[in-house]
Number of protein chains: 2
Amino acid sequence: MHENRLSHGNSAGSKAADLSAVKALVFDVFGTVVDWRTSVIADLSAFGRNKGIEADWTAFADAWRAGYVPGMERVRKGERLWANIDVLHRERLDALLDQFGIEDLSEVEKDYLNRAWHRLRGWPDSVPGLTRLKQRYIISTFSNGSVQCLVDTAKYAGLPWDAVFSADIVRHFKPQAEIYQGVIAFFDLQPSEVMLVAAHNNDLRHGRSHGMRTAYVNRPTEYGPNQAKDLAAESDWDVVVDSLTELAQRLGA
Amino acid sequence: MHENRLSHGNSAGSKAADLSAVKALVFDVFGTVVDWRTSVIADLSAFGRNKGIEADWTAFADAWRAGYVPGMERVRKGERLWANIDVLHRERLDALLDQFGIEDLSEVEKDYLNRAWHRLRGWPDSVPGLTRLKQRYIISTFSNGSVQCLVDTAKYAGLPWDAVFSADIVRHFKPQAEIYQGVIAFFDLQPSEVMLVAAHNNDLRHGRSHGMRTAYVNRPTEYGPNQAKDLAAESDWDVVVDSLTELAQRLGA
(Lines give C-alpha, C1' and ligand atoms only; values in the text may rest on other atoms or scores of the structure.)
Protein backbone atom coordinates (compact mmCIF):
# COMPACT_ATOMS: atom_id res chain seq x y z
CA MET A 1 0.00 0.00 0.00
CA HIS A 2 2.76 2.37 1.01
CA GLU A 3 4.93 1.49 -2.00
CA ASN A 4 1.98 1.76 -4.29
CA ARG A 5 1.22 5.23 -3.03
CA LEU A 6 4.85 6.26 -3.47
CA SER A 7 5.11 5.02 -7.01
CA HIS A 8 1.76 6.10 -8.37
CA GLY A 9 2.21 7.75 -11.76
CA ASN A 10 -0.30 9.85 -13.63
CA SER A 11 -0.97 7.15 -16.16
CA ALA A 12 -2.97 4.35 -14.59
CA GLY A 13 -1.49 1.79 -16.96
CA SER A 14 2.16 2.77 -16.50
CA LYS A 15 4.70 0.54 -14.87
CA ALA A 16 5.25 1.93 -11.38
CA ALA A 17 8.86 2.89 -10.66
CA ASP A 18 10.34 2.04 -7.28
CA LEU A 19 10.91 5.32 -5.50
CA SER A 20 12.12 3.86 -2.21
CA ALA A 21 15.77 4.39 -3.22
CA VAL A 22 15.37 8.14 -3.74
CA LYS A 23 17.70 10.10 -1.46
CA ALA A 24 17.88 13.52 -3.08
CA LEU A 25 15.24 15.70 -4.69
CA VAL A 26 16.69 18.23 -7.13
CA PHE A 27 14.41 21.05 -8.17
CA ASP A 28 14.08 23.14 -11.24
CA VAL A 29 13.66 26.59 -9.67
CA PHE A 30 12.27 29.18 -12.14
CA GLY A 31 8.60 28.31 -12.50
CA THR A 32 8.69 25.14 -10.40
CA VAL A 33 9.61 26.68 -7.04
CA VAL A 34 9.44 30.43 -7.64
CA ASP A 35 6.86 32.51 -9.46
CA TRP A 36 9.43 34.47 -11.42
CA ARG A 37 6.89 36.29 -13.64
CA THR A 38 4.75 37.83 -10.88
CA SER A 39 7.91 38.61 -8.90
CA VAL A 40 9.74 40.35 -11.74
CA ILE A 41 6.68 42.33 -12.87
CA ALA A 42 6.13 43.54 -9.30
CA ASP A 43 9.81 44.41 -8.89
CA LEU A 44 9.98 46.35 -12.17
CA SER A 45 6.70 48.13 -11.44
CA ALA A 46 7.90 49.25 -8.02
CA PHE A 47 11.13 50.52 -9.55
CA GLY A 48 9.16 52.41 -12.21
CA ARG A 49 6.87 54.01 -9.62
CA ASN A 50 9.83 55.12 -7.51
CA LYS A 51 11.65 56.58 -10.51
CA GLY A 52 8.56 57.99 -12.21
CA ILE A 53 9.07 55.83 -15.30
CA GLU A 54 5.96 54.72 -17.12
CA ALA A 55 6.22 51.49 -19.08
CA ASP A 56 4.36 48.26 -19.76
CA TRP A 57 6.32 46.33 -17.16
CA THR A 58 4.43 43.12 -17.86
CA ALA A 59 5.49 43.23 -21.50
CA PHE A 60 9.01 44.13 -20.35
CA ALA A 61 9.20 41.10 -18.04
CA ASP A 62 7.85 38.74 -20.69
CA ALA A 63 10.28 40.09 -23.29
CA TRP A 64 13.12 39.74 -20.80
CA ARG A 65 12.30 36.12 -20.18
CA ALA A 66 11.84 35.51 -23.90
CA GLY A 67 15.52 36.31 -24.35
CA TYR A 68 16.48 33.57 -21.92
CA VAL A 69 16.43 30.57 -24.26
CA PRO A 70 18.20 32.22 -27.23
CA GLY A 71 20.80 33.66 -24.86
CA MET A 72 21.60 30.24 -23.43
CA GLU A 73 21.47 28.66 -26.86
CA ARG A 74 24.46 30.65 -28.08
CA VAL A 75 26.45 29.38 -25.09
CA ARG A 76 25.19 25.82 -25.56
CA LYS A 77 26.16 25.85 -29.23
CA GLY A 78 29.63 27.12 -28.38
CA GLU A 79 29.08 30.36 -30.29
CA ARG A 80 30.41 32.17 -27.24
CA LEU A 81 32.38 31.25 -24.15
CA TRP A 82 30.60 30.43 -20.90
CA ALA A 83 28.44 33.28 -19.65
CA ASN A 84 26.13 32.72 -16.72
CA ILE A 85 22.54 33.78 -16.46
CA ASP A 86 23.32 37.08 -14.72
CA VAL A 87 25.47 38.08 -17.68
CA LEU A 88 22.81 36.98 -20.17
CA HIS A 89 20.06 38.77 -18.24
CA ARG A 90 22.11 41.94 -18.20
CA GLU A 91 22.76 41.92 -21.95
CA ARG A 92 19.05 41.45 -22.57
CA LEU A 93 18.18 44.16 -20.04
CA ASP A 94 20.40 46.70 -21.77
CA ALA A 95 18.75 45.91 -25.12
CA LEU A 96 15.25 46.14 -23.65
CA LEU A 97 15.89 49.44 -21.88
CA ASP A 98 16.89 50.81 -25.26
CA GLN A 99 13.89 49.22 -26.98
CA PHE A 100 11.45 50.56 -24.36
CA GLY A 101 13.08 54.00 -24.55
CA ILE A 102 14.13 54.00 -20.90
CA GLU A 103 17.20 56.21 -20.61
CA ASP A 104 19.55 57.75 -18.11
CA LEU A 105 19.68 54.88 -15.62
CA SER A 106 22.90 54.71 -13.63
CA GLU A 107 25.06 51.60 -13.53
CA VAL A 108 23.92 51.03 -9.93
CA GLU A 109 20.27 51.20 -11.04
CA LYS A 110 20.81 48.81 -13.94
CA ASP A 111 22.57 46.36 -11.64
CA TYR A 112 19.71 46.67 -9.18
CA LEU A 113 17.18 45.99 -11.95
CA ASN A 114 19.15 42.99 -13.19
CA ARG A 115 18.95 41.54 -9.70
CA ALA A 116 15.16 41.42 -9.97
CA TRP A 117 16.00 37.80 -10.83
CA HIS A 118 17.56 37.47 -7.37
CA ARG A 119 14.41 38.71 -5.63
CA LEU A 120 11.91 36.02 -6.57
CA ARG A 121 9.08 34.77 -4.40
CA GLY A 122 8.11 31.14 -3.96
CA TRP A 123 4.69 29.83 -4.91
CA PRO A 124 2.50 29.69 -1.77
CA ASP A 125 3.18 25.95 -1.31
CA SER A 126 6.95 26.13 -1.89
CA VAL A 127 8.26 26.93 1.60
CA PRO A 128 5.90 24.57 3.47
CA GLY A 129 6.45 21.80 0.91
CA LEU A 130 10.25 22.09 0.89
CA THR A 131 10.34 22.28 4.69
CA ARG A 132 8.53 18.93 4.91
CA LEU A 133 10.55 17.29 2.12
CA LYS A 134 13.81 18.39 3.78
CA GLN A 135 13.01 16.20 6.79
CA ARG A 136 13.28 13.08 4.66
CA TYR A 137 15.39 13.98 1.62
CA ILE A 138 18.34 16.06 0.57
CA ILE A 139 16.74 18.98 -1.26
CA SER A 140 18.77 20.98 -3.75
CA THR A 141 18.37 23.45 -6.55
CA PHE A 142 19.01 22.14 -10.09
CA SER A 143 18.86 25.28 -12.11
CA ASN A 144 20.22 27.28 -14.99
CA GLY A 145 20.30 30.22 -12.57
CA SER A 146 23.58 31.49 -11.19
CA VAL A 147 24.77 30.47 -7.72
CA GLN A 148 24.36 34.05 -6.56
CA CYS A 149 20.84 34.32 -7.96
CA LEU A 150 19.87 31.03 -6.29
CA VAL A 151 21.41 31.93 -2.93
CA ASP A 152 19.93 35.43 -2.94
CA THR A 153 16.51 34.10 -3.93
CA ALA A 154 16.66 31.40 -1.26
CA LYS A 155 17.33 34.03 1.40
CA TYR A 156 14.70 36.37 -0.03
CA ALA A 157 11.99 33.71 -0.31
CA GLY A 158 13.04 31.59 2.68
CA LEU A 159 13.73 28.44 0.66
CA PRO A 160 15.50 25.96 2.97
CA TRP A 161 17.86 24.25 0.49
CA ASP A 162 20.41 21.74 1.72
CA ALA A 163 22.64 22.62 -1.23
CA VAL A 164 22.73 24.91 -4.23
CA PHE A 165 23.55 23.23 -7.53
CA SER A 166 23.67 25.45 -10.58
CA ALA A 167 24.71 25.51 -14.21
CA ASP A 168 27.58 27.68 -12.91
CA ILE A 169 29.19 24.63 -11.32
CA VAL A 170 29.44 22.59 -14.51
CA ARG A 171 29.37 25.54 -16.93
CA HIS A 172 26.66 23.91 -18.98
CA PHE A 173 23.00 24.81 -19.18
CA LYS A 174 20.09 22.41 -19.14
CA PRO A 175 19.26 20.38 -21.12
CA GLN A 176 22.90 19.49 -21.83
CA ALA A 177 23.94 16.10 -20.53
CA GLU A 178 26.76 17.55 -18.42
CA ILE A 179 24.42 19.20 -15.95
CA TYR A 180 22.24 16.11 -15.38
CA GLN A 181 25.31 13.91 -15.01
CA GLY A 182 26.87 16.68 -12.96
CA VAL A 183 24.17 16.85 -10.30
CA ILE A 184 24.15 13.06 -9.90
CA ALA A 185 27.94 13.08 -9.43
CA PHE A 186 27.76 16.14 -7.16
CA PHE A 187 25.79 14.15 -4.60
CA ASP A 188 27.74 10.95 -5.33
CA LEU A 189 24.50 9.04 -5.90
CA GLN A 190 23.12 6.59 -8.41
CA PRO A 191 20.74 8.16 -10.98
CA SER A 192 17.78 6.25 -9.51
CA GLU A 193 18.54 7.80 -6.12
CA VAL A 194 17.89 11.27 -7.52
CA MET A 195 14.43 12.62 -8.32
CA LEU A 196 14.11 15.62 -10.58
CA VAL A 197 11.19 17.87 -9.66
CA ALA A 198 10.09 20.21 -12.45
CA ALA A 199 7.12 21.99 -13.96
CA HIS A 200 8.59 21.38 -17.42
CA ASN A 201 8.06 18.18 -19.38
CA ASN A 202 11.22 18.69 -21.41
CA ASP A 203 13.39 18.94 -18.31
CA LEU A 204 11.89 15.70 -16.98
CA ARG A 205 12.39 13.94 -20.31
CA HIS A 206 16.10 14.68 -20.11
CA GLY A 207 16.26 13.71 -16.44
CA ARG A 208 14.62 10.38 -17.17
CA SER A 209 17.00 9.75 -20.08
CA HIS A 210 19.84 9.96 -17.52
CA GLY A 211 18.09 7.48 -15.22
CA MET A 212 16.66 9.97 -12.72
CA ARG A 213 13.25 9.62 -11.13
CA THR A 214 10.75 12.28 -12.15
CA ALA A 215 8.11 14.43 -10.47
CA TYR A 216 5.96 16.82 -12.48
CA VAL A 217 4.46 19.85 -10.75
CA ASN A 218 1.58 21.60 -12.46
CA ARG A 219 2.28 25.34 -12.67
CA PRO A 220 -0.27 26.42 -15.28
CA THR A 221 0.23 30.15 -14.68
CA GLU A 222 4.02 30.29 -14.74
CA TYR A 223 3.82 32.25 -17.99
CA GLY A 224 0.69 34.14 -17.02
CA PRO A 225 -2.88 33.84 -18.19
CA ASN A 226 -1.96 32.86 -21.75
CA GLN A 227 0.44 30.05 -20.97
CA ALA A 228 0.67 27.74 -23.97
CA LYS A 229 2.99 24.96 -22.84
CA ASP A 230 3.51 22.67 -19.85
CA LEU A 231 -0.16 22.80 -18.99
CA ALA A 232 -0.20 19.11 -18.11
CA ALA A 233 2.05 16.10 -17.67
CA GLU A 234 2.95 14.73 -21.10
CA SER A 235 4.36 11.41 -20.00
CA ASP A 236 3.98 8.83 -17.24
CA TRP A 237 6.20 10.72 -14.79
CA ASP A 238 6.74 8.87 -11.52
CA VAL A 239 4.74 11.45 -9.60
CA VAL A 240 2.41 14.18 -10.85
CA VAL A 241 1.25 16.83 -8.38
CA ASP A 242 -0.22 20.31 -8.18
CA SER A 243 2.06 21.62 -5.43
CA LEU A 244 5.16 20.87 -3.37
CA THR A 245 3.00 20.17 -0.32
CA GLU A 246 1.19 17.52 -2.36
CA LEU A 247 4.59 16.14 -3.36
CA ALA A 248 5.54 15.90 0.33
CA GLN A 249 2.32 14.07 1.03
CA ARG A 250 2.80 11.68 -1.90
CA LEU A 251 6.36 10.87 -0.80
CA GLY A 252 5.31 10.39 2.81
CA ALA A 253 7.42 13.33 3.99
CA MET B 1 32.90 53.10 16.96
CA HIS B 2 30.97 50.57 14.93
CA GLU B 3 33.68 50.30 12.28
CA ASN B 4 36.34 50.04 14.90
CA ARG B 5 34.53 47.18 16.58
CA LEU B 6 34.06 45.40 13.25
CA SER B 7 37.68 45.65 12.26
CA HIS B 8 39.36 45.00 15.59
CA GLY B 9 42.21 42.52 15.09
CA ASN B 10 44.06 40.64 17.78
CA SER B 11 47.10 42.83 17.47
CA ALA B 12 46.40 46.23 18.97
CA GLY B 13 48.88 47.88 16.64
CA SER B 14 47.69 46.28 13.39
CA LYS B 15 46.11 48.27 10.60
CA ALA B 16 42.40 47.62 10.80
CA ALA B 17 40.89 46.15 7.63
CA ASP B 18 37.56 47.46 6.42
CA LEU B 19 35.05 44.67 6.86
CA SER B 20 32.00 46.61 5.72
CA ALA B 21 32.23 45.12 2.23
CA VAL B 22 32.02 41.51 3.44
CA LYS B 23 29.01 39.72 1.94
CA ALA B 24 29.83 36.04 2.39
CA LEU B 25 31.38 34.13 5.27
CA VAL B 26 32.95 30.85 4.20
CA PHE B 27 33.76 28.39 6.94
CA ASP B 28 36.34 25.73 7.39
CA VAL B 29 34.18 22.93 8.82
CA PHE B 30 36.24 20.17 10.48
CA GLY B 31 37.41 21.66 13.76
CA THR B 32 36.03 25.14 13.17
CA VAL B 33 32.32 24.31 13.06
CA VAL B 34 32.13 20.64 14.04
CA ASP B 35 33.89 18.77 16.82
CA TRP B 36 34.93 15.88 14.56
CA ARG B 37 37.11 14.17 17.18
CA THR B 38 34.52 13.81 19.95
CA SER B 39 31.90 12.89 17.33
CA VAL B 40 33.96 10.18 15.63
CA ILE B 41 35.16 8.67 18.92
CA ALA B 42 31.55 8.49 20.18
CA ASP B 43 30.36 7.02 16.88
CA LEU B 44 33.07 4.35 16.78
CA SER B 45 32.56 3.51 20.46
CA ALA B 46 28.81 3.03 19.98
CA PHE B 47 29.47 0.78 16.99
CA GLY B 48 31.97 -1.25 19.05
CA ARG B 49 29.53 -1.67 21.93
CA ASN B 50 26.74 -2.82 19.60
CA LYS B 51 29.02 -5.28 17.84
CA GLY B 52 30.88 -6.40 20.98
CA ILE B 53 34.22 -5.22 19.58
CA GLU B 54 36.74 -3.94 22.10
CA ALA B 55 39.28 -1.43 20.85
CA ASP B 56 40.94 1.86 21.76
CA TRP B 57 38.52 3.91 19.71
CA THR B 58 40.17 7.19 20.70
CA ALA B 59 43.47 5.97 19.27
CA PHE B 60 41.58 4.67 16.23
CA ALA B 61 39.96 8.06 15.59
CA ASP B 62 43.23 9.94 16.02
CA ALA B 63 45.05 7.51 13.71
CA TRP B 64 42.24 7.88 11.16
CA ARG B 65 42.55 11.64 11.17
CA ALA B 66 46.34 11.41 11.03
CA GLY B 67 45.97 9.79 7.61
CA TYR B 68 44.05 12.76 6.32
CA VAL B 69 46.92 15.08 5.37
CA PRO B 70 49.16 12.43 3.71
CA GLY B 71 46.11 11.08 1.82
CA MET B 72 45.32 14.51 0.40
CA GLU B 73 48.98 15.23 -0.24
CA ARG B 74 49.24 12.44 -2.81
CA VAL B 75 46.28 13.95 -4.67
CA ARG B 76 47.68 17.47 -4.36
CA LYS B 77 51.04 16.37 -5.73
CA GLY B 78 49.37 14.65 -8.67
CA GLU B 79 50.64 11.21 -7.60
CA ARG B 80 47.09 9.96 -8.07
CA LEU B 81 43.98 11.20 -9.83
CA TRP B 82 41.31 13.09 -7.93
CA ALA B 83 39.89 11.13 -5.01
CA ASN B 84 37.57 12.85 -2.57
CA ILE B 85 37.71 12.66 1.18
CA ASP B 86 35.22 9.78 1.41
CA VAL B 87 37.49 7.67 -0.77
CA LEU B 88 40.58 8.67 1.24
CA HIS B 89 38.80 7.99 4.55
CA ARG B 90 37.75 4.57 3.32
CA GLU B 91 41.26 3.57 2.26
CA ARG B 92 42.59 4.62 5.65
CA LEU B 93 39.72 2.84 7.43
CA ASP B 94 40.49 -0.44 5.68
CA ALA B 95 44.15 -0.16 6.70
CA LEU B 96 43.28 0.68 10.32
CA LEU B 97 40.77 -2.14 10.70
CA ASP B 98 43.56 -4.45 9.65
CA GLN B 99 46.05 -2.77 11.96
CA PHE B 100 43.67 -2.91 14.95
CA GLY B 101 42.85 -6.55 14.19
CA ILE B 102 39.16 -5.88 13.59
CA GLU B 103 37.90 -8.53 11.18
CA ASP B 104 34.75 -9.85 9.60
CA LEU B 105 32.96 -6.58 9.06
CA SER B 106 30.53 -6.58 6.16
CA GLU B 107 30.73 -4.05 3.35
CA VAL B 108 27.59 -2.41 4.75
CA GLU B 109 29.22 -2.09 8.17
CA LYS B 110 32.41 -0.64 6.73
CA ASP B 111 30.43 1.87 4.72
CA TYR B 112 28.47 2.77 7.85
CA LEU B 113 31.71 3.26 9.80
CA ASN B 114 33.20 5.40 7.02
CA ARG B 115 30.19 7.66 7.29
CA ALA B 116 31.11 8.48 10.87
CA TRP B 117 32.56 11.53 9.09
CA HIS B 118 29.02 12.37 7.93
CA ARG B 119 27.64 12.27 11.47
CA LEU B 120 29.52 15.10 13.12
CA ARG B 121 28.18 17.39 15.82
CA GLY B 122 28.67 21.14 15.92
CA TRP B 123 30.43 22.85 18.78
CA PRO B 124 27.82 24.19 21.23
CA ASP B 125 28.03 27.70 19.75
CA SER B 126 27.91 26.62 16.09
CA VAL B 127 24.17 26.44 15.41
CA PRO B 128 23.26 29.61 17.36
CA GLY B 129 26.21 31.50 15.85
CA LEU B 130 25.52 30.45 12.26
CA THR B 131 21.81 31.16 12.67
CA ARG B 132 22.60 34.75 13.64
CA LEU B 133 25.27 35.23 10.97
CA LYS B 134 22.90 33.92 8.27
CA GLN B 135 20.59 36.87 8.88
CA ARG B 136 23.25 39.27 7.64
CA TYR B 137 25.62 37.26 5.44
CA ILE B 138 25.70 34.42 2.98
CA ILE B 139 27.13 31.54 5.01
CA SER B 140 28.78 28.63 3.25
CA THR B 141 31.04 25.69 3.89
CA PHE B 142 34.59 25.96 2.54
CA SER B 143 35.91 22.51 3.21
CA ASN B 144 38.05 19.65 2.02
CA GLY B 145 35.09 17.41 2.94
CA SER B 146 32.93 15.88 0.23
CA VAL B 147 29.62 17.43 -0.74
CA GLN B 148 27.83 14.39 0.65
CA CYS B 149 29.71 14.53 3.95
CA LEU B 150 28.95 18.24 4.30
CA VAL B 151 25.26 17.89 3.41
CA ASP B 152 24.79 14.87 5.69
CA THR B 153 26.60 16.60 8.55
CA ALA B 154 24.57 19.77 8.06
CA LYS B 155 21.34 17.78 8.37
CA TYR B 156 22.69 15.76 11.30
CA ALA B 157 23.97 18.77 13.23
CA GLY B 158 21.35 21.29 12.07
CA LEU B 159 23.82 23.65 10.40
CA PRO B 160 21.82 26.20 8.37
CA TRP B 161 24.17 26.74 5.41
CA ASP B 162 23.07 28.89 2.49
CA ALA B 163 25.35 26.88 0.20
CA VAL B 164 27.76 23.97 0.31
CA PHE B 165 31.14 24.60 -1.28
CA SER B 166 33.59 21.73 -1.22
CA ALA B 167 36.91 20.58 -2.64
CA ASP B 168 34.72 18.25 -4.73
CA ILE B 169 33.55 21.20 -6.83
CA VAL B 170 37.00 22.31 -7.91
CA ARG B 171 38.73 18.95 -7.45
CA HIS B 172 41.51 20.56 -5.46
CA PHE B 173 42.12 20.42 -1.74
CA LYS B 174 43.06 23.30 0.48
CA PRO B 175 45.56 24.90 0.58
CA GLN B 176 45.80 24.84 -3.21
CA ALA B 177 45.10 28.15 -4.89
CA GLU B 178 42.27 26.69 -7.02
CA ILE B 179 39.94 26.21 -4.07
CA TYR B 180 40.42 29.72 -2.64
CA GLN B 181 39.99 31.27 -6.09
CA GLY B 182 37.15 28.80 -6.68
CA VAL B 183 35.03 29.85 -3.73
CA ILE B 184 35.44 33.54 -4.57
CA ALA B 185 34.34 32.85 -8.16
CA PHE B 186 31.54 30.54 -7.00
CA PHE B 187 29.81 33.45 -5.27
CA ASP B 188 30.86 35.91 -8.02
CA LEU B 189 32.36 38.25 -5.42
CA GLN B 190 35.53 40.24 -4.95
CA PRO B 191 38.08 38.64 -2.59
CA SER B 192 37.57 41.41 -0.03
CA GLU B 193 33.83 40.62 0.03
CA VAL B 194 34.56 37.11 1.32
CA MET B 195 35.65 36.36 4.89
CA LEU B 196 37.27 33.02 5.65
CA VAL B 197 36.41 31.71 9.11
CA ALA B 198 38.78 29.04 10.39
CA ALA B 199 40.38 27.60 13.51
CA HIS B 200 43.58 27.04 11.55
CA ASN B 201 46.22 29.70 11.07
CA ASN B 202 47.54 28.09 7.90
CA ASP B 203 44.13 28.16 6.22
CA LEU B 204 43.79 31.85 7.05
CA ARG B 205 47.29 32.62 5.77
CA HIS B 206 46.31 31.21 2.39
CA GLY B 207 42.93 32.97 2.43
CA ARG B 208 44.63 36.30 3.13
CA SER B 209 47.15 35.70 0.34
CA HIS B 210 44.16 35.54 -2.05
CA GLY B 211 42.75 38.79 -0.67
CA MET B 212 40.08 37.33 1.59
CA ARG B 213 39.18 38.76 4.98
CA THR B 214 40.03 36.50 7.91
CA ALA B 215 38.41 35.40 11.17
CA TYR B 216 40.23 33.09 13.57
CA VAL B 217 38.18 30.95 15.94
CA ASN B 218 39.95 29.47 18.95
CA ARG B 219 39.25 25.74 19.13
CA PRO B 220 41.96 24.61 21.55
CA THR B 221 40.53 21.11 22.04
CA GLU B 222 39.92 20.17 18.39
CA TYR B 223 42.67 17.56 18.65
CA GLY B 224 41.88 16.64 22.24
CA PRO B 225 43.67 17.41 25.49
CA ASN B 226 47.15 17.28 23.96
CA GLN B 227 46.58 19.64 21.06
CA ALA B 228 49.92 21.06 19.92
CA LYS B 229 48.99 23.49 17.15
CA ASP B 230 46.52 26.28 16.46
CA LEU B 231 46.29 27.13 20.14
CA ALA B 232 46.22 30.84 19.39
CA ALA B 233 46.03 33.34 16.55
CA GLU B 234 49.46 33.62 14.96
CA SER B 235 48.86 36.75 12.93
CA ASP B 236 46.79 39.92 13.01
CA TRP B 237 43.69 38.29 11.59
CA ASP B 238 40.83 40.72 11.02
CA VAL B 239 38.80 39.15 13.80
CA VAL B 240 39.82 36.72 16.57
CA VAL B 241 37.08 35.06 18.60
CA ASP B 242 36.41 32.11 20.87
CA SER B 243 33.10 31.06 19.30
CA LEU B 244 30.75 31.63 16.37
CA THR B 245 28.32 33.45 18.65
CA GLU B 246 31.14 35.85 19.52
CA LEU B 247 31.81 36.22 15.78
CA ALA B 248 28.15 37.15 15.26
CA GLN B 249 28.40 39.72 18.00
CA ARG B 250 31.63 41.17 16.62
CA LEU B 251 30.15 41.49 13.14
CA GLY B 252 26.95 43.02 14.45
CA ALA B 253 24.82 40.09 13.26
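Convention: sequence-line order gives letters A, B, ...; per-chain numbering from 1.
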Atom pair [atom1]/[atom2] of [X] and [Y] - distance to nearest 0.5 Å:
| X | Y | atom1 | atom2 | result |
| --- | --- | --- | --- | --- |
| B:D162 | A:L159 | CG | CG | 11.0 Å |
| B:S146 | A:F186 | OG | CZ | 10.0 Å |
| B:K155 | A:Q135 | NZ | CD | 7.5 Å |

query = Looking at B:L189 and A:Q148, what are the two nearest heavy atoms and their distance?
reply =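 Here B:L189 and A:Q148 meet closest at CD2-NE2, 3.7 Å.
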
request  = Please flag which part of B:I169 lies under 4.5 Å from any non-hydrogen atom of chain A: side chain, backbone, both or neither.
outcome  = side chain

ask   = In chain order, what residues pass the side chain to side chain donor-acceptor pair (under 3.5 Å) check against A:R65, with sequence neighbours excluded?
value =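 Partners of A:R65 by the side chain to side chain donor-acceptor pair (under 3.5 Å) criterion come out as none, since no residue qualifies.
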
request  = Could you tell me which residues satisfy ring-ring contact (aromatic ring centres under 6.0 Å, His included) with B:W161, sequence neighbours excluded, listed by chain and number?
outcome  =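 In terms of ring-ring contact (aromatic ring centres under 6.0 Å, His included), with neighbours along the sequence ignored, B:W161 is linked to B:F27.
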
note = Looking only at A:I138, A:V164, A:D152, most heavy-atom pairs under 4.5 Å shared with chain B are made by A:I138

task = Tell me, yes or no, whether the heavy-atom count around A:K23 atom NZ, taken from other residues, nucleotides or ligands under 6.0 Å, exceeds 12.
result = no

